[in-house]
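By convention here, the first residue in the shown sequence is residue 1. Everything numeric here is computed off the predicted structure, so don't read it as measured data.
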Amino acid sequence: MSAVISVKDLNKIYQGGFQALKNINLDIHAGEIFALLGPNGAGKTTLIKAVLGIQPLTHGTIRKAPSIQIGYVPQHLQLQPTLPLSVRRFMALTGAPETDTRAALDRTGIGHLFRKSVHHLSGGEMQRLLLARALVRKPDLLVLDEPAQGVDINGQAVLYDLIRAVRDELQCGVIMISHDLHLVMAATDRVICLNQHVCCSG
């Protein structure tokens, strides 16, 4: 499998001297679901932001496959509750044609919610909406920050099944941050435990 992302000797030291990441080396391959585990403050989000290109590095390199498309599903999305926003308008913000946004919504199982207000979605429906938004561009790499946050236990298993199906369909690489070891072990190909440095992987 080819690497869509290659991280070499990554270090991140914040102002004040706190080292969030120390000598991180990893490759993410096409068609692989890669889980990132670790306690709060372990550097998981810092690593994800570095991969996304929104966190400058102190030292090291991140090489990306040429013309890579990255889809990102954040852990939280703050929406102004007084702002009227339907699923249709939310997806239109991607700039993609409506036929593509509808196809992405259908792919994640919420095409029937096209005209519903985003403020009336359940936790699981909101995560599917964010996943649909990330899928519009048919990404080579899908980055998921706690995708099961706010989703009940049954919905989590269904969501992870959907992520695997998307991986199989697009043959994209997937990086997924999670705290739930049991669900992650059942849903992923490779796991790394992070606590500023790579504690273990397998």
Is the shortest side-chain heavy-atom distance between [X] and [Y] below 4.5 Å?
{"X": "R128", "Y": "V73", "answer": "no"}
{"X": "M176", "Y": "I33", "answer": "yes"}
{"X": "T108", "Y": "L135", "answer": "yes"}
{"X": "Q19", "Y": "Q196", "answer": "no"}
{"X": "P139", "Y": "L170", "answer": "yes"}
{"X": "V7", "Y": "I28", "answer": "no"}

Is a side-chain donor or acceptor of [X] paired with a backbone partner of [Y] at a separation under 3.5 angstrom?
{"X": "Q127", "Y": "P147", "value": "yes"}
{"X": "H197", "Y": "N195", "value": "yes"}
{"X": "E32", "Y": "F34", "value": "no"}

Residue pairs involving residues 168-177 (criterion salt bridge (Lys or Arg N to Asp or Glu O under 4.0 Å); sequence neighbours excluded): R107-E169

Check against side-chain contact (heavy atoms from CB on, under 4.5 Å), L194 and L21: CA-CA 9 Å; L194 189 70; L21 296 172; 4.1 Å; yes

According to side-chain contact (heavy atoms from CB on, under 4.5 Å), who are the partners of [X], at least two apart in sequence or on a separate chain?
{"X": "N25", "result": "K8, D9"}
{"X": "N23", "result": "N11"}
{"X": "H112", "result": "none"}
{"X": "E125", "result": "L113, K116, L121, S122"}

[X] [atom1] to [Y] [atom2] distance, which is reported to the nearest 0.5 Å:
{"X": "I13", "Y": "F18", "atom1": "CD1", "atom2": "CZ", "result": "10.5 Å"}
{"X": "I177", "Y": "L37", "atom1": "CD1", "atom2": "CG", "result": "10.0 Å"}
{"X": "H59", "Y": "I24", "atom1": "NE2", "atom2": "CD1", "result": "12.0 Å"}
{"X": "L131", "Y": "L144", "atom1": "CG", "atom2": "CG", "result": "6.5 Å"}

Pair Y160-T188, side-chain contact (heavy atoms from CB on, under 4.5 Å): steps then yes or no: CA-CA 9 Å; Y160 284 130; T188 61; over 6 Å; no

Within one Ile-Leu-Val-Met-Phe-Trp-Tyr cluster: L85 and F114, side-chain cutoff 4.5 Å: yes

Cut-off 3.5 Å, no hydrogens considered: what does the side-chain donor-acceptor table look like for residues 87-104, sequence neighbours left out?
| residue | atom | partner | partner atom | Å |
| --- | --- | --- | --- | --- |
| R88 | NE | E98 | OE1 | 3.1 |
| R88 | NH2 | E98 | OE1 | 3.2 |
| R89 | NH1 | P84 | O | 3.2 |
| T94 | OG1 | M91 | O | 2.7 |
| T94 | OG1 | A96 | N | 3.2 |
| T101 | OG1 | E98 | O | 2.9 |

Test side-chain contact (heavy atoms from CB on, under 4.5 Å) applied to V4 and H29, step by step: CA-CA 5 Å; V4 291; H29 298 97; over 6 Å; no

With a cut-off of 3.5 Å and sequence neighbours excluded, list every side-chain donor-acceptor pair involving residues 42-50.
| residue | atom | partner | partner atom | Å |
| --- | --- | --- | --- | --- |
| K44 | NZ | G38 | O | 2.8 |
| K44 | NZ | P39 | O | 3.0 |
| T46 | OG1 | Y14 | OH | 2.9 |

Nonpolar side-chain network containing V158, other nodes, edges under 4.5 Å: none

Set of salt bridge (Lys or Arg N to Asp or Glu O under 4.0 Å) partners for D161, sequence neighbours left out: R164

Set of side-chain hydrogen bond (donor to acceptor under 3.5 Å, both in side chains) partners for S6, sequence neighbours left out: D27

Set of side-chain hydrogen bond (donor to acceptor under 3.5 Å, both in side chains) partners for D140, sequence neighbours left out: none

I175 vs L142, side-chain contact (heavy atoms from CB on, under 4.5 Å): CA-CA, chis, key distance, verdict: CA-CA 6 Å; I175 304 176; L142 190 57; over 6 Å; no

What donor-acceptor contacts under 3.5 angstrom involve side-chain atoms of residues 60-71, with partners at least two apart or in another chain?
| residue | atom | partner | partner atom | Å |
| --- | --- | --- | --- | --- |
| K64 | NZ | V51 | O | 3.0 |

